[in-house]
Amino acid sequence: MRRLLCLFLLLFSVTTLTHGQAYSEDFSFFRSGQIAVITHNDTLAYPWAGGINAIHFSEIDLDMDGTPDLFGFEKHGNRILTFLRRGEHYEYAPEYAKLFPELHDWVILRDYNFDGKPDIFTYGLAGIRVFRNTSTSTLDFQLVTDQLQAYYYNGYVNIFASPDDYLIVEDIDNDGHLDILNFWVLGKYVHHLRNLSNDPELFDFHLESECWGHFEEAADNNTITLFSDCNSKNGVEEGPVRHTGSSMMLHDFDHNGLKDALIGDVDSPNLILLYNHGTAQDARMTAQDTAFPPGNPVRLFSMPAPSLIQLPGHDSPALLVSPSDPSLNKSQDLNSVWRYDYDTVLQQYVLSNTAFLQEEMLDAGSGCRPVLYDWNNDGRMDLFLANYGSFDSVAFVNGFPVPYFSSSIQYYENAGTVSQPVFQLQNEDFGNLKQLGYRALHPTFGDFDGDGLVDMLCGLEDGTLLLVHHDRLVSDSGRVVPNFMDIDVGKYSTPTFFDLDQDGRNDLIIGNQRGLLSFYRNNGICGILNFEHITDSLGGVDVRDPEQSYFGYSVPCFYRDSLHGTALFCGSEKGNIFYYKDIDDNLYGIFADGGIIWESEDASCHYCASQLREGRRAGAAIARLDGDAYPDLIVGNYAGGVAYLQGRTPVMHHSAVSYPTSTPFRAFPNPTSGILTIESDIPVENAVFYDITGRILFQSNGNIFNISALPDGLYILEINRNTRMKILKSTR
């Protein structure tokens with residue numbers, strides 16, 4: 001709320017802001033792939049792509065060269081991954097991801113108006129949001145609707161969609177229009193919403209069938225009952241309703257001219273293939289295969305989501321499968337993208353890879369946290385990747401899967417030069433800690449036992465600290481000491497060992513699940529540590545976003561040089577990296593809020609930037625890696641990967657939001673408690689509400705808005721695509 005209040009005061013203290021209004025940065029970064037990474041004697045093709053846990057793929061022409069490229073939506077962090085088709089391979093191209101609108105929960109690309117350009121279907125507000133692809137020379141999308149509607153029984157209502165489902169957007173009955181298949185709001189049965197519109201630019205969905213395919217799912221597992229007429233929906237049968245969470249894909253697997261259904265289910269690792277032996281207008285599933293594909297069936301926890309993609313150099317589409325369970329601690333993370341190629345001789349899909357794209361990325365499992373430290377004391381920073389854990393196994397308790405994760409730390413030695421780093425994997429389980437079964441290890445380095453040798457101190461999920469003595473780090477069989485000095489910061493401790501008060505002794509600063517920082521000052525002498533607890537709210541740092549979570553998952557990383565003094569880069573649950581300054585001689589005060597770190601579009605762009613947001617539970621490590629005067633940034637995320645951002649000369653960036661100096665429109669009352677009226681002699685053709693991050697909330701072409709359901713705060717109202725004004729919602 002403090003951050004929101006500061007923004008409100010800033011905006012309302014200035015009467016007009018024109019397009020191009022700039023702000024300065026103390027640090028500047030641009031996304032780069034210049035640092036090579038070597039694992040098992042192989043140089044990774046795109047190490048800094050950010051990792052994968054749960055991804056779903058679509059095809060789209062990203063660079064307007066007439067050939068389809070690859071779009072991936074990573075559910076664990078709402079990240080977009082974009083790859084260009086280059087011959088028989090893909091090239092990671094993150095610059096195209098920024099051209100898509102902000103998307104969340106699930107994304108399906110389908111060309112609804114048949115103009116040759118895939119449009120966006122995604123989760124909105126308990127419904128389906130659609131963006132039309134208006135690209136010409138570059139990618140561009142325009143919001144069509146925040147809520148697709150369909151005619152049910154007596155009138156039009158919003159189409160239900162779950163944030164956890166992957167539904168079907170496809171021409172179901174071969175009539176030339178895209179239809180929708182989705183599970184009933186209480187699960188069990190699939191609805192067919194037929195598009196009856198004669199105008200390809202418009203939608204007119206009608207409920208065609210409440211029992212598409214004539215099958216139903218069980219209430220508490222993925223058992224399929226065939227030849228059903230869905231009678232229990234009308235009260236003929238009684239019993240528990242099914243949990244939501246299913247993925248669906250259609251394809252004619254048995255080549256009989258009818259689309260079969262491939263279905264995944266929450267808490268289940270397999271896909272079930274339902275064979276269609278009905279008609280195009282009346283699908284009837286008459287047989288099922290619960291171990292598909294034969295030979296090496298899919299077994300991915302949890303809720304595998306399939307997609308068919310025409311890969312470069314292949315005649316038949318490949319079947320790509322990855323988990324889509326929304327939970328962060330249930331999904332298989334490593335080896336979680338299974339690729340099946342179609343064998344024309346066997347006439348079936350054959351497993352060819354269990355880590356498609358992943359095998360070319362740095363991927364630590366789930367919850368990656370990078371740490372830079374010169375372990376071998378050669379003057380070059382080495383890289384450590386810690387994690388929340390990686391999926392080990394699963395056990396079924398009372399019919400429900402209970403996954404097991406254990407944490408480990410990967411060690412990459414910097415085998416390059418001072419000006420050109422090269423990270424080479426040396427140890428996938430540094431300190432041999434995985435066998436101990438801890439979760440959320442987060443390391444920092446220093447002499448913690450007074451023997452003159454470097455030890456490792458790790459934060460843990462339970463909020464305590466684990467001391468790993470030097471002998472274990474070099475022999476894998478030395479000592480570990482839990483509950484180091486009885487320090488406990490609640491949950492998810494993330495320590496860093498840094499001389500904050502500049503007295504020559506490193507102190508402990510520890511982040512936690514709450515999003516705050518605890519400060520333990522080192523008062524020791526002669527190398528003997530003596531930590532004094534000073535505060536649990538160092539600098540007033542709080543990286544929580546109350547609209548997203550009660551927690552902040554703060555991950556502190558300090559940096560100091562002669563120009564900036566001491567600076568703090570703090571990771572967060574939301575995925576932003578928060579920057580704080582004016583720390584020196586202010587340890588008992590409030591650190592100056594430097595805002596959220598932005599990234600330049602490229603090395604040459606001096607007037608364009610976007611917010612750096614790497615997915616949920618981001619953590620950052622910062623150091624000078626390439627020999628120049630500017631620190632570089634490595635950012636980890638919950639999908640297990642990392643991004644590398646190269647430091648550069650601080651520049652002036654244009655703001656992403658512009659405000660005209662004059663406007664023919666007036667919105668009143670402002671502030672408003674709920675009802676907002678737009679007054680103007682010019683027709684309001686389109687009005688869009690944004691939050692302060694630029695996320696579209698809803699749109700209308702009328703003059704009256706009811707925003708009672710929105711939380712109190714500051715919003716942006718855009719009218720007719722050329723006028724923007726600030727709206728304050730307040731019920732106080």
Side-chain angles (χ1 to χ4, degrees), residues 27 29 31 48 50-51 53 74 76-77 79 328 333 362-373 381-390 407-412 423 430 439-445 456-461 463 465 489 491-498 508-518 541-545 548-549 551-559 567-580 596-597 599 611-623 625 631-645:
F27 299 90
F29 306 94
R31 194 174 297 267
W48 309 105
N53 279 2
E74 165 60 47
H76 288 179
R79 292 170 46 241
L328 297 183
D333 40 28
L362 281 168
D363 197 328
S366 293
C368 179
R369 299 280 174 75
V371 172
L372 290 166
Y373 181 76
M381 285 292 186
D382 305 304
L383 175 64
F384 295 83
L385 298 183
N387 60 19
Y388 164 80
S390 56
S407 185
S408 59
I409 299 171
Q410 299 177 359
Y411 164 45
Y412 293 82
F423 291 122
F430 187 68
R439 288 192 295 268
L441 289 168
H442 183 91
T444 190
F445 296 89
M456 183 169 69
L457 188 67
C458 293
L460 297 172
E461 181 185 34
L465 302 176
V489 297
K491 288 280 190 178
Y492 291 89
S493 50
T494 53
T496 185
F497 199 41
F498 181 81
L508 266 181
I509 304 93
I510 311 173
N512 54 52
Q513 186 184 50
R514 291 171 296 166
L516 313 179
L517 299 182
S518 296
V541 172
D542 186 346
V543 296
R544 288 175 291 187
D545 180 351
Q548 180 179 23
S549 172
F551 304 116
Y553 291 90
S554 51
V555 185
C557 180
F558 288 91
Y559 173 79
L568 168 63
F569 296 81
C570 195
S572 67
E573 162 76 355
K574 188 174 182 178
N576 297 118
I577 304 299
F578 293 88
Y579 164 51
Y580 296 88
I596 295 171
I597 293 298
E599 60 171 302
Q611 281 190 17
L612 174 63
R613 188 173 178 181
E614 280 300 296
R616 297 182 66 174
R617 300 190 191 175
I622 185 167
L625 295 176
D632 308 298
L633 198 64
I634 293 180
V635 183
N637 62 58
Y638 201 85
V642 285
Y644 167 54
L645 293 105

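The figures that follow rest on heavy atoms only: side chains count, while hydrogens, waters and symmetry mates do not.
Note that CG of Asn387 is 7.5 Å distant from CG of Leu441, once rounded to the nearest 0.5 Å.
Pairs of residues two or more places apart, or lying in two chains, that qualify as side chain to side chain donor-acceptor pair (under 3.5 Å) and include a residue from residues 362-372 are Asn53-Ser366, Asp333-Ser366, Gln358-Asp363.
Checking each of Arg613, Lys574, Arg616 against Asp545 for a salt bridge (Lys or Arg N to Asp or Glu O under 4.0 Å) leaves exactly one that passes, namely Lys574.
Taking the six-membered ring where tryptophan is involved, the planes of Phe384 and Tyr373 are tilted, since the angle between them lies from 30° to 60°. Using cut-offs of 30° and 60° for the angle between ring planes, the Tyr559 and Phe569 rings count as perpendicular. Taking the six-membered ring where tryptophan is involved, the planes of Phe29 and Phe27 are essentially parallel, since the angle between them stays under 30° and well short of 60°.
With sequence neighbours excluded, the residues satisfying salt bridge (charged side-chain N to carboxylate O under 4.0 Å, His left out) with Arg617 are Glu573. In this view, Tyr579 and Asp26 satisfy the side chain to side chain donor-acceptor pair (under 3.5 Å) rule, not counting sequence neighbours.
At a threshold of 4.5 Å between non-hydrogen side-chain atoms, the residues Leu328 and Tyr388 do not count as touching. The shortest distance between side-chain heavy atoms of Phe445 and Val371 falls below 4.5 Å.
Close placement of the Phe430 and Tyr411 rings is indicated, their centers lying within 6.0 Å of each other.
Across all non-hydrogen atoms, the minimal contact from Cys458 to Pro495 is C-CG, 4.2 Å.
Although no hydrogens or angles enter the test, the distance criterion places no donor-acceptor pair under 3.5 Å between the side chain of Ser554 and the main chain of Leu517.
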